[in-house]
Amino acid sequence: MTNALIVIDIQNDFCPGGALGVPDGDAVVPRLNAMMADFDAVILTQDWHPADHSSFASNHPGKSPYDMIDMSYGPQVLWPDHCVQGTHGGAFHPDLAADLADLIIRKGFRRDIDSYSAFFENDRETPTGLEGYLRTRGITDLTLAGIATDFCVHYSAVDAAGLGFNVTVDLNASCPIDLDGSLTAAIKGMKAAGVRLLGG
Ligand code: VGL
Ligand code: ZN
């Protein structure tokens, strides 16, 4: 068994004071840092959008953050501008031990498609390449944690389980956005996909 810790989107914009700040988003950082030593590989994901990204409400006249729209690939939540490439909001939280990561995988960099999952973009078929990296390193077991439990952690975990990895999500090292019941739906979806849930 070879295991990896995948730390999802611990970026300033998802922490208190950030554009899409989740209450207590920064509280999981010490726990994540401590967990890193227990794994054969540490991977960080980074939400990384161009300023004209189609998931931003500001790029859809008349729309507000958290409205839903139909994209070519299905329904999409519109978000406040966040994690714009090269900005402070897109940078990792300064206390995250990012130097200990083997790989940083960026997602959401194509204007016309959002990407919650670390494995596939929101069309559910365009790969990020992470699967190939993990397989070529012989990694079989994944622990995922970070922000947001009900979006990027959830989608990444369900995809990883679907790809045949043994997947655990550590809820004590994760933080939700919790939009219209999204946390309850995410927990249900992860359980149904065979994801092991720790804590919570
Ligand atoms: C995320 C909303 C928009 C996340 C990313 O990291 O969960 N959520 N972009
Ligand atoms: Zn995003």
Side-chain angles (χ1 to χ4, degrees), residues 6-15 18-22 25 43-93 98 101 103-135 142 144 146-163 165 167 169 174-183 185-186 189-190 193:
I6 304 186
V7 176
I8 307 284
D9 298 1
I10 301 294
Q11 295 167 257
N12 292 318
D13 268 343
F14 294 124
C15 292
L20 191 37
V22 171
I43 293 145
L44 310 181
T45 69
Q46 191 170 26
D47 209 40
W48 197 245
H49 300 306
D52 62 353
H53 196 249
S54 57
S55 78
F56 295 171
S58 64
N59 290 317
H60 299 268
K63 296 288 184 191
S64 305
Y66 311 108
D67 285 351
M68 296 291 301
I69 56 159
D70 283 316
M71 302 284 271
S72 58
Y73 52 82
Q76 168 73 47
V77 183
L78 292 177
W79 301 107
D81 293 18
H82 65 279
C83 298
V84 173
Q85 295 167 0
T87 63
H88 173 77
F92 290 117
H93 185 284
L103 176 77
I104 295 170
I105 186 141
R106 290 174 168 165
K107 59 188 180 59
F109 49 75
R110 292 191 179 89
R111 187 195 66 174
D112 295 324
I113 185 164
D114 205 5
S115 188
Y116 296 148
S117 167
F119 293 92
F120 297 101
E121 303 199 13
N122 283 10
D123 61 1
R124 319 304 306 136
E125 61 186 33
T126 304
T128 62
L130 180 57
E131 180 194 0
Y133 177 85
L134 297 171
R135 294 224 192 275
L142 305 177
L144 282 76
I147 311 171
T149 314
D150 40 350
F151 287 93
C152 292
V153 176
H154 163 216
Y155 279 77
S156 299
V158 168
D159 283 348
L163 291 169
F165 294 99
V167 185
V169 164
S174 301
C175 256
I177 294 176
D178 204 7
L179 192 64
D180 296 329
S182 56
L183 180 59
M190 290 192 285

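It should be emphasised that the depicted structure is a prediction, and the values quoted were computed from it without experimental measurement.
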Enquirer: Does atom CZ of Phe92 have more than 12 heavy-atom neighbours from other groups under 6.0 Å away?
Expert: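 Counting other residues, nucleotides and ligands, CZ of Phe92 exceeds 12 neighbours.
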Enquirer: Near His60 NE2, under 6.0 Å, is it more than 12 heavy atoms from other residues, nucleotides or ligands?
Expert: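 Yes, enclosed.
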Enquirer: Under the criterion side-chain contact (heavy atoms from CB on, under 4.5 Å), which of Leu44, Val167, Leu142 is the partner of Ile6?
Expert: Leu142
Enquirer: Could you grab the distance from atom CD1 of Ile113 to atom OG of Ser54, nearest 0.5 Å is fine?
Expert: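 The CD1 atom of Ile113 sits 8.0 Å away from the OG atom of Ser54.
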Enquirer: Could you check if a side-chain atom of Leu130 sits within less than 4.5 angstrom of a side-chain atom of Leu103, using non-hydrogen atoms only?
Expert: yes
Enquirer: Could you walk me through whether Phe151 and Asp9 pass side-chain contact (heavy atoms from CB on, under 4.5 Å), step by step?
Expert: CA-CA 11 Å; Phe151 287 93; Asp9 298 1; over 6 Å; no
Enquirer: Just to verify, which of Ser58, Ser55, Pro65 counts as forming a side-chain contact (heavy atoms from CB on, under 4.5 Å) with Asp81?
Expert: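 Answer after filtering Ser58, Ser55, Pro65: Ser58.
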Enquirer: From Leu78 CG over to Met68 CE, what is the distance, rounded to the nearest 0.5 angstrom?
Expert: 8.0 Å
Enquirer: Would you say the side-chain atoms of Gln11 and Asp47 include a donor-acceptor pair closer than 3.5 Å?
Expert: no
Enquirer: Closest approach of Thr45 and Ala118, non-hydrogen atoms and distance?
Expert: CG2-CB, 3.7 Å
Enquirer: Can you list every side chain to side chain donor-acceptor pair (under 3.5 Å) pair that touches residues 123-134, not counting sequence neighbours?
Expert: Asp123-Thr126, Arg124-Asp159, Glu131-Arg135, Tyr133-Arg137
Enquirer: With rounding to the nearest 0.5 angstrom, report the CZ to NE2 distance, Arg110 to His53.
Expert: 10.0 Å
Enquirer: Angle between ring planes, Phe14 versus His82, binned at 30° and 60°: parallel, tilted or perpendicular?
Expert: tilted
Enquirer: Please report the interatomic distance CG(Leu20) to SG(Cys83), rounded to the nearest 0.5 Å.
Expert: 7.5 Å
